[in-house]
**Q** 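Take a look at the following structure, please.
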Protein chains: 2
Amino acid sequence: MIGDTFRALSDKTRREILMMLRDGEMTAGEIADKFATRHATVSHHLKILKDAKLVFVERKGQNIIYSLNTTVFQDIMAWLMKFND
Amino acid sequence: MIGDTFRALSDKTRREILMMLRDGEMTAGEIADKFATRHATVSHHLKILKDAKLVFVERKGQNIIYSLNTTVFQDIMAWLMKFND
DNA sequence: TAGATATTTAGATTTATATCTAAATATTAC
DNA sequence: GTAATATTTAGATATAAATCTAAATATCTA
C-alpha cells in the first residue's frame, strides 16, 4: 500500500538508512552502529522498511544484509505524477 | 521539511483530498462533505496539508477555498530521484 | 446589530509510533 | 554441545496523531 510507503519515508532515521544503502548493501549491525539509538530500535525501523518493500533482506552467515529495493520508489513516482498533470 | 510532506501523504484521507483537488479548487465544506468524519476532523487534515505546503488556502467571502500546490510534489520527486540512480 | 452559515480552534480521549530493557533465536567456532 | 556474536522479538512506557464534542471566529444578510 502506498500509505505504508509514505509512512515508512516519514521517519528521519529510516530515510537516513535508505540514503546509506545507496552506497551498497550493509549488515544490520553496520546500519545500527550509525545511530545513537539501540540496535533493537534500529531493527524495528528495518522491519518497517522491509514491510514497505523499500529494502531487500537476506541472511549471510551470522549477518543479515540489507539492500535497496528501488522498484517501490517508482511506484511513488507514478503516484506523484498524477499531480504534475 | 520533506519528512512533513511524507507524513502528510501517509494518511489516506489527506491523499483523497489531494486527489479531489486535481479536478479544481473546493471549499472546506465541500471537501468535508465527502467524508464520514466530522468537519472539525477534516479541518485538522486540511491544516496539515496547508502546513506541508501541499495546498493553497484563500478566503472567498464566507468560504475558505483550497487548491493544489504542485511545487512540493516536485521536491519529493527530486528526493526520490536520488534512488533511481 | 442580531441571526444564520462556514470554518477553525481548544480540550479530551483513543489509537498508533518510537524507544528502551530483557529475553529469544540463529549462526559460528571451539 | 557450549560459548560468543549478530540480530530480532516481546513487553513496557512515553510521545505523537486522529478523532470527537463544544466553543470561538469570521462573514453575510436581513
**Q** What's the CD1-P distance between I65(B) and dT27(D), to the nearest Å?
**A** 14 Å
**Q** Any idea which of dT9(D), dA18(D), dA18(C) is nearest the H44(B) side chain?
**A**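 Nearest listed nucleotide: dA18(D).
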**Q** Could you label the plane-to-plane angle of the F73(B) and F83(A) rings as parallel, tilted or perpendicular, counting under 30° as parallel and over 60° as perpendicular?
**A** parallel
**Q** So which heavy atom on I76(A) is nearest to which on I2(A), and how close?
**A**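 Minimum heavy-atom contact is CA-CD1, 4.3 Å.
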**Q** If you compare all heavy atoms of M26(A) against all heavy atoms of I31(A), which two are closest, and at what distance to 0.1 Å?
**A**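 Shortest heavy-atom separation between M26(A) and I31(A) comes out as CB-CG1, 3.7 Å.
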**Q** Would you name the heavy atoms of R14(B) and R7(B) that are closest together and state the gap between them?
**A** NH2-O, 3.2 Å
**Q** Checking base pairs now: Watson-Crick or wobble, both atom distances under 3.5 Å. What partners dA6(C)?
**A** dT25(D)
**Q** Tell me: CZ of F6(A) to P of dA16(C), nearest whole Å?
**A**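 That distance rounds to 21 Å.
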**Q** N/O contacts under 3.5 Å, protein versus nucleotides 3-6 of chain D?
**A**
unit_1: dT5(D); atom_1: O2; unit_2: Q62(A); atom_2: NE2; d: 2.7
unit_1: dA6(D); atom_1: O3'; unit_2: N63(A); atom_2: OD1; d: 2.9

**Q** Take the protein atom CD1 of I48(A) and the nucleotide atom P of dA16(C), then report the distance between them rounded to whole Å.
**A**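 Going from CD1 in I48(A) over to P in dA16(C) covers 14 Å.
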**Q** With a non-hydrogen cut-off below 4.0 angstrom, is A32(A) in contact with a base, only sugar-phosphate, or nothing?
**A**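 Nothing, no heavy atom under 4.0 Å.
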**Q** Measure from the side-chain heavy atoms of T41(B) and tell me the nearest of dT19(D), dT21(C), dT9(C).
**A**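 Looking only at side-chain atoms, T41(B) lies closest to dT19(D).
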**Q** OG1/T5(A) to CG/D51(A) distance, rounded to the nearest 0.5 angstrom?
**A** 11.0 Å
**Q** Tell me what F35(B) touches on the nucleic acid: a base, only sugar-phosphate, or nothing, going by heavy atoms under 4.0 Å.
**A**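 No contact.
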**Q** CG of D51(B) versus P of dA17(D): gap in Å, rounded?
**A** 12 Å
**Q** Write down the distance between CG (L46(B)) and C1' (dT7(C)), rounded to a whole number of angstrom.
**A** 10 Å
**Q** Find which nucleotide of DNA chain C each of G61(A) and D11(A) is nearest to by heavy atoms, and output the residue with the more 5' nucleotide.
**A**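 The 5'-side residue here is D11(A).
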**Q** Taking atom C1' of dA12(C) as reference, at what distance in whole Å does atom CZ of R38(B) sit?
**A** 16 Å
**Q** Let me know the distance between NZ of K47(B) and C1' of dA18(D), rounded to the nearest Å.
**A** 15 Å
**Q** Would you tell me if any nitrogen or oxygen in the side chain of R14(B) comes within less than 4.0 Å of OP1 or OP2 on dA18(D)?
**A** yes
**Q** Separation of H45(B) atom NE2 from dT19(D) atom P, in whole Å?
**A**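 Atom-to-atom, H45(B) to dT19(D), this comes out as 4 Å.
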**Q** Which atoms form the tightest heavy-atom contact between R59(B) and I64(B), and what is the distance?
**A**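 Minimum heavy-atom contact is NH2-CD1, 3.7 Å.
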**Q** Can you tell which of dT19(D), dA18(D), dT8(D) lies closest to the side chain of T37(B)?
**A**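 Ranking dT19(D), dA18(D), dT8(D) by closest atom to the T37(B) side chain puts dT19(D) first.
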**Q** Do R15(A) side-chain atoms and S10(A) backbone N/O form a donor-acceptor pair below 3.5 Å?
**A** yes
**Q** Give a yes/no on whether any side-chain N or O of Y66(B) is located under 4.0 angstrom from OP1 or OP2 of dA6(C).
**A** no
